[in-house]
There are 4 protein chains.
Amino acid sequence: MPRPVSPVPEVEPTAKPTKPGATRVRRGQDKRDLILQAAIKVFARAGVHGARVSDIAKEAGIAYGLVYHYFKNKDEILVTIFEEQWLGFLAAVRDIGNNGQPLRDRLVSIAALILNAYRLRPDWVKVLVFEIQRSARFAQPGQVQAMRRLFDEFEDLFERAQVDGEMRTDIRPAVSATMFIGALEIVITSLVLETAALPADETEERAYYLAFANETVEIFLNGCARGGSTR
Amino acid sequence: MPRPVSPVPEVEPTAKPTKPGATRVRRGQDKRDLILQAAIKVFARAGVHGARVSDIAKEAGIAYGLVYHYFKNKDEILVTIFEEQWLGFLAAVRDIGNNGQPLRDRLVSIAALILNAYRLRPDWVKVLVFEIQRSARFAQPGQVQAMRRLFDEFEDLFERAQVDGEMRTDIRPAVSATMFIGALEIVITSLVLETAALPADETEERAYYLAFANETVEIFLNGCARGGSTR
Amino acid sequence: MPRPVSPVPEVEPTAKPTKPGATRVRRGQDKRDLILQAAIKVFARAGVHGARVSDIAKEAGIAYGLVYHYFKNKDEILVTIFEEQWLGFLAAVRDIGNNGQPLRDRLVSIAALILNAYRLRPDWVKVLVFEIQRSARFAQPGQVQAMRRLFDEFEDLFERAQVDGEMRTDIRPAVSATMFIGALEIVITSLVLETAALPADETEERAYYLAFANETVEIFLNGCARGGSTR
Amino acid sequence: MPRPVSPVPEVEPTAKPTKPGATRVRRGQDKRDLILQAAIKVFARAGVHGARVSDIAKEAGIAYGLVYHYFKNKDEILVTIFEEQWLGFLAAVRDIGNNGQPLRDRLVSIAALILNAYRLRPDWVKVLVFEIQRSARFAQPGQVQAMRRLFDEFEDLFERAQVDGEMRTDIRPAVSATMFIGALEIVITSLVLETAALPADETEERAYYLAFANETVEIFLNGCARGGSTR
DNA sequence: GATGAATGAGAATTCATTCAT
DNA sequence: AATGAATGAATTCTCATTCAT
């Protein structure tokens, strides 16, 4: 039922994803996506709570009645964003985890994936991090823990890494998974909270994020204690 | 203005902090605290947004009009909780940071402080972690910097640790601070999300949390990579 | 303008009044009837107020835009049902009233007409009884007088019966008309309210309704007082 | 739980039922009644469906938020009217039914009770007759059939009358109860639908209604057939 | 201090109706 | 004829906040 959309393309999104050949495309589906994109933008700006349905509609340039044509209510918009975007994100993480490269490279790739996602679609990431993760809506069994699945992903990854001799076996995968996710999340959080400090130049920006990713993984793998980098 | 209350006593809170019959003074102050405690409970249960003023009043066992006698409005309750509790928490962190013990011990103490806080006052921690940070995004500059101050605390701590030769100097304190806070936060998050898994016995529980704290700090200091623990 | 349709055929409605393959003419007319039949079903189930245009369309198996092709608006559907069905019903009553049989027989026939209508097309009757009368209060004069016309019908009938010496002359026809209509209406109401009690077997069912009709007329003619039946 | 209020006093309601001595009475209860009275007026005028909560508030001269202070929603207002008024009415009917007078007198009293109710509080009666009786809200089991209870009342009454030899025993009480209620209801209905025809003078008015009540009971007891009145 | 009645701005949601295709 | 996307007026209901008692 969820229609996973490649959530974080490495390339900038093209102006119009419209498939050529369909001159104007089906009237409706476009509007549905329009609403989702607008919702992400508004949720990021004002929070789910602070976002009025009419704000979303205005952002999308449509009558707000139409929102209810496509979604049962405001909550369902959030759920849809989750289903179609977060699940896609999880899949991307899993792919990287299975790509056969050395552990460090995989972790840097994942960190870079997330940081790039933020660079290219900050609204999208803000909503995932701030709204979906914390929303009571997702803390309930059934929809169950958006986060839970990400934890599982990393637990698997780290269990395999232990077996492969790439990780210490005296630390439980559950703990290291927690640690790694926490590191990534807080990086995002700190980015969101002090956007001003970012480099203006795009090339610098990429470098900035990549450095951040590398450094984070380095701590995770080798620790901060004196001598850690010498190993 | 903030009246820091020792936020995380090492001892269990006594059943009733108000000795009946004793100092009958400051009755209003009692009600004020009653409201704050009730608010923490309700905020933890339903979120700040989902909490109605009347819910808080009902929880406190008072008429809701009285809430406005002590607080200008609902928001001020949250701000007050923040000011009186979070600042107290920051102070506790700073004290530990300055207690002259080896870095590892200090970090374990801080981690244990937080985990114990959660063990003893889960509502309190939930509100601080989930609500204050969330609201930070939309709050006025001033409150916004709730997290900022904690970052600063750790940056200071880690800068001194580098000077003292206890930490690698090739990792910016800003990054390691981010990393450490993130680790702690996510630990809390994961605790909140799977309360069921906790040991029932209290002695075991303490041990459980302490192990978690130790392991987290171990990763932070020595990393997860194979051989990390041998240093 | 109204196109009276024999509202209460004595025979069961054939499964499909539209012979497939036969006269393919007037397809639009078919849809129009489809909508009316669907509307009756939905109005009976949910009331005019509770019925959404889209419910009617769904019941009819068409797009709801099409409803507006055949009817100006929702209200016109109800008016149409009234005009085409109620007027037909009035005509049927008048026919029976003029069929030259003894008063008692005519009244029993009319009562049986109504009860049979309910037996064969309960939805139809529910809408006429509950919805048309209810809406009468708020409709424009013209429709308002739905009931008025039925009253007139019976007043005429009873005036003639007085002239013919079949009825007491010390009771105003207006009163006895009121009485008789009320009796019939409440019979329907009570049927609607306790459908469960009905006999399952169809032969028994007919008998049940006929008995009800006879008994009602008997009261109307001879009263409930002791000795009434001996006359 | 329902607080039966004498529903149909034989005397005109005094201007203010306020108990003397309580200079201004409890602030709240007055408003609650005010809302109920306003609701009856508005429901009678526009129907439950056509009545907006804001109309009721305006009619009562209060802020409409207050309506929700006393009632969960619009529907509950209707239910309350039913519980507090209809049940009182049922009790009044039962009292008359048990007053030991001859059957005819009791029936005339009941008919007069209803007709007087309409004379004195037409809005009240309109709501009971048109809205409560027909409302889907009351057709559901649980709240169950407002009407059902009235039927039961009359079935009891007529069964006893048969035992006492005041009624024919060859007509089932269920049928005669149906008949009598139907007669009364339709009388009300016809009154509501042609208010214009009423006598302007109050003395005449009383006589008019009394005559109507007598005539209706006469039909019910002795029938309309020729010779019925001579018995 | 304490109560809870009273207020009303604000937001969500519904659904009849229009209209482009 | 047929479809269902699009519109937005209309209404209900919520709840923070004020205020009379």
Side-chain angles (χ1 to χ4, degrees), chain A residues 24 26-32 34-35 49-57 60-76, chain B residues 27-32 49-58 60-77, chain C residues 27-32 49-58 60-77, chain D residues 24 26-32 34-35 49-57 60-76:
Chain A
R24 192 53 73 98
R26 320 120 291 179
R27 252 209 307 172
Q29 214 47 238
D30 286 355
K31 287 289 170 63
R32 202 191 107 107
L34 211 54
I35 292 170
H49 168 221
R52 283 163 295 181
V53 173
S54 62
D55 292 334
I56 298 173
I62 57 162
Y64 63 88
L66 193 56
V67 173
Y68 291 90
H69 194 79
Y70 290 104
F71 302 94
K72 208 168 135 294
N73 52 37
K74 197 168 93 171
D75 218 58
E76 205 187 72
Chain B
R27 251 219 287 161
Q29 218 44 249
D30 289 353
K31 286 279 171 64
R32 203 190 106 106
H49 168 221
R52 282 164 294 184
V53 173
S54 63
D55 291 333
I56 297 172
K58 193 181 293 172
I62 58 163
Y64 60 86
L66 194 55
V67 172
Y68 290 88
H69 203 81
Y70 292 102
F71 301 94
K72 198 167 141 288
N73 53 35
K74 190 169 116 174
D75 224 59
E76 204 187 72
I77 300 177
Chain C
R27 250 219 291 162
Q29 218 44 250
D30 288 354
K31 285 281 170 64
R32 204 189 106 108
H49 168 221
R52 281 164 293 186
V53 172
S54 62
D55 291 333
I56 298 173
K58 192 181 294 173
I62 58 164
Y64 60 86
L66 194 56
V67 171
Y68 290 89
H69 203 80
Y70 292 102
F71 302 94
K72 197 167 141 289
N73 53 36
K74 190 170 117 173
D75 224 59
E76 202 186 72
I77 301 177
Chain D
R24 192 55 73 96
R26 317 120 293 179
R27 252 208 306 170
Q29 215 45 240
D30 286 354
K31 287 289 169 64
R32 203 191 106 108
L34 209 55
I35 293 169
H49 167 220
R52 283 164 296 182
V53 173
S54 62
D55 292 334
I56 297 174
I62 56 161
Y64 66 87
L66 193 56
V67 173
Y68 290 90
H69 194 79
Y70 289 104
F71 302 94
K72 210 168 133 292
N73 51 37
K74 197 169 92 171
D75 218 59
E76 205 187 74

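Throughout, protein chains are lettered first and strands after them, A, B, ... in sequence-line order, and every chain is numbered starting at 1.
Side-chain atoms of D:Y64 and base atoms of E:dA9 include a donor and an acceptor less than 3.5 Å apart.
Taking 4.0 angstrom as the limit, B:Y68 places none of its side-chain polar atoms (N or O) nearer than this to OP1 or OP2 of E:dT3. Distances shorter than 4.0 Å separate some side-chain N or O of D:H69 from OP1 or OP2 on E:dA5. The shortest distance between the side-chain N/O atoms of A:K31 and the OP1/OP2 oxygens of F:dA6 is below 4.0 Å.
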Exercise for the section: Please report the C-alpha distance between A:R32 and A:F71 in whole Å, then the side-chain angles of each, then the deciding distance to 0.1 Å, and finally whether the side chain to side chain contact (heavy atoms under 4.5 Å, CB included) criterion is met. Expected result: CA-CA 9 Å; A:R32 202 191 107 107; A:F71 302 94; 4.0 Å; yes
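Heavy atoms of B:A51 sit under 4.0 angstrom from primed sugar atoms or phosphate atoms, though from no base atom.
Across every strand in view, F:dT21 sits in a pair with E:dA2 that passes the Watson-Crick or G-U test at under 3.5 angstrom. Pairing of E:dT13, defined by two Watson-Crick or G-U wobble distances under 3.5 Å, is identified with F:dA10. As the counterpart of F:dC15, E:dG8 is assigned, both hydrogen-bonding distances of the Watson-Crick or G-U wobble pattern falling under 3.5 Å.
Taking atom OH of B:Y70 as the reference point, atom P of F:dT17 lies 18 Å away to the nearest angstrom. What separates NZ of C:K72 from P of E:dC19 is a distance of 14 Å, to the nearest Å. Atom-to-atom, CG of D:N73 to P of F:dT11 comes out at 17 Å; the value is rounded to the nearest Å. One atom, CG of C:D75, and another, C1' of E:dT17, lie 13 Å apart when rounded to the nearest Å. Rounded to a whole Å, the CZ atom of C:F71 is 18 Å from the C1' atom of E:dT18. Taking atom CZ on B:R32 and atom C1' on E:dG1, their separation rounds to 16 Å, with Å as the unit. When the C1' atom of E:dC19 is taken as reference, atom CG of C:L66 falls 14 Å away, rounded to whole Å. Atom CG in C:D30 sits about 15 Å away from atom C1' in F:dA2, given to the nearest Å.
Nucleotides of DNA chain F nearest to A:V67 and C:G61 differ in position, and the one nearer the 5' end is that of C:G61. DNA chain E is contacted by both B:G65 and C:K74; B:G65 maps to the nucleotide lying nearer its 5′ end (nearest heavy atom per residue). Along DNA chain E, the nucleotide nearest C:V53 and the nucleotide nearest B:I62 are compared for position; the residue whose nucleotide lies closer to the 5' end is B:I62.
Between B:I62 and B:V67, some side-chain heavy-atom pair lies under the 4.5 Å cut-off.
Closest to the side chain of C:A63, out of F:dG8, F:dT3, E:dA6, is F:dT3. Across E:dA5, E:dG4, E:dA12, the shortest atom-to-atom separation from the side chain of A:R52 is found for E:dA12.
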